[in-house]
Amino acid sequence: MGDAKKYPAPVTSAETAPFWDAAKQGKFMIKRCTACGEAHYFPRAICPFCFSDKTVWEESSGEGTIYTYSLMRKSPTGPYAIGYVTLKEGPSLQTNFVDCDLTTLKIGQRVKVVWKSTDGAPLPFFTPV
């Protein structure tokens, strides 16, 4: 039985369009501030660390480790896991974990981005390496 789950298309704006355009090519983009050097996600024009508008797009490896997670065993749509992943490049982001046995997830486990199709740009999720 295939992946029958239907995901909603992301809402884009002029500020996030480069992220979603890159997602269509399988690239996971983050932003880096050229004023303070910090990388951040979700990509936005203003650095959340120093408030500079000197930010540039950077392709992420899409790899990271599980910082924390919660396994939701009882849900009308079935079990699922959400959590935070810390990317190799530094930023942490909230995500869902997919395509794995959810009971085997562990804090510190290596994960990588996987893309799930929508009627628009694909959505990023994470799965164990």
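Worth saying up front: this structure is predicted, and the values here are computed from it rather than measured.
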**OP:** Please indicate whether Arg110 has more than 12 foreign heavy atoms, meaning atoms of other residues, nucleotides or ligands, lying under 6.0 Å from its CZ.
**Re:** no

Listing, residues 118-128 side-chain donor-acceptor contacts under 3.5 Å, not counting sequence neighbours, or none:
from, atom 1, to, atom 2, distance (Å)
Thr118, OG1, Gly120, N, 2.8
Thr118, OG1, Gly120, O, 3.4
Thr118, OG1, Ala121, O, 2.6
Asp119, OD1, Lys6, NZ, 3.2
Asp119, OD2, Lys6, NZ, 3.1
Thr127, OG1, Val98, O, 2.8
Thr127, OG1, Asp99, O, 3.4

Subject >> NZ-OH distance between Lys106 and Tyr69, expressed to the nearest 0.5 angstrom >> reply: 5.5 Å

Subject >> Salt bridge present between Glu58 and Arg32 (N-O < 4.0 angstrom) >> reply: yes

Original post:
Are Leu87 and Ile107 connected, step by step, through hydrophobic side chains (Ile, Leu, Val, Met, Phe, Trp, Tyr) whose heavy atoms are closer than 4.5 Å?
Top reply: yes

**OP:** Working to the nearest 0.5 Å, report the span between CD1 of Ile82 and CG of Leu102.
**Re:** 12.0 Å

Original post:
Which pair of non-hydrogen atoms, one from Cys50 and one from Cys47, has the smallest distance, and what is that distance?
Top reply: N-SG, 3.4 Å

**OP:** List the steps, then state whether side chain to side chain contact (heavy atoms under 4.5 Å, CB included) holds for Glu59 with Phe28.
**Re:** CA-CA 6 Å; Glu59 185 175 356; Phe28 188 74; over 6 Å; no

Subject >> Side chains of Lys31 and Cys33 in contact at under 4.5 Å (non-hydrogen atoms) >> reply: no

**OP:** For residues Met29 and Trp57, report the shortest heavy-atom separation together with the two atoms involved.
**Re:** CB-CE3, 3.7 Å

Original post:
Is the Phe42-Phe19 ring centre distance short of 6.0 angstrom?
Top reply: yes

Original post:
Ignoring hydrogens and geometry, is there a side-chain-to-backbone donor-acceptor pair from Glu15 to Ala45 under 3.5 Å?
Top reply: yes

**OP:** Verify side chain to side chain contact (heavy atoms under 4.5 Å, CB included) between Leu71 and Leu105, making sure each step is shown before the conclusion.
**Re:** CA-CA 9 Å; Leu71 176 54; Leu105 293 173; 6.0 Å; no

Original post:
What pair of heavy atoms forms the shortest contact from Ile46 to Thr55, and how long is it?
Top reply: C-CG2, 4.5 Å

Subject >> Between Ser61 and Lys88: side-chain donor-acceptor atoms closer than 3.5 Å >> reply: no

**OP:** Kindly check if the number of other-residue, nucleotide or ligand heavy atoms within 6.0 Å of OH (Tyr67) is above 12?
**Re:** no

Original post:
Is any side-chain heavy atom of Phe97 closer than 4.5 Å to a side-chain heavy atom of Thr95?
Top reply: yes

Original post:
Is Tyr84 linked to Val113 within one hydrophobic cluster, defined over Ile, Leu, Val, Met, Phe, Trp and Tyr using a side-chain heavy-atom separation of less than 4.5 Å?
Top reply: no

Subject >> Backbone of Lys54 reached by a side-chain donor or acceptor of Thr34 within 3.5 Å >> reply: yes

Subject >> Flag for Thr65-Gln109: side-chain donor and acceptor within less than 3.5 Å >> reply: no

**OP:** Would you sort out whether His40 and Ile30 count as a side chain to side chain contact (heavy atoms under 4.5 Å, CB included), showing the intermediate values?
**Re:** CA-CA 6 Å; His40 60 271; Ile30 59 176; over 6 Å; no

Original post:
What's the shortest heavy-atom distance between Arg73 and Thr103, and which atoms?
Top reply: NH1-CG2, 4.0 Å

Original post:
Do Tyr80 and Asn96 touch side chain to side chain, with heavy atoms closer than 4.5 Å?
Top reply: yes

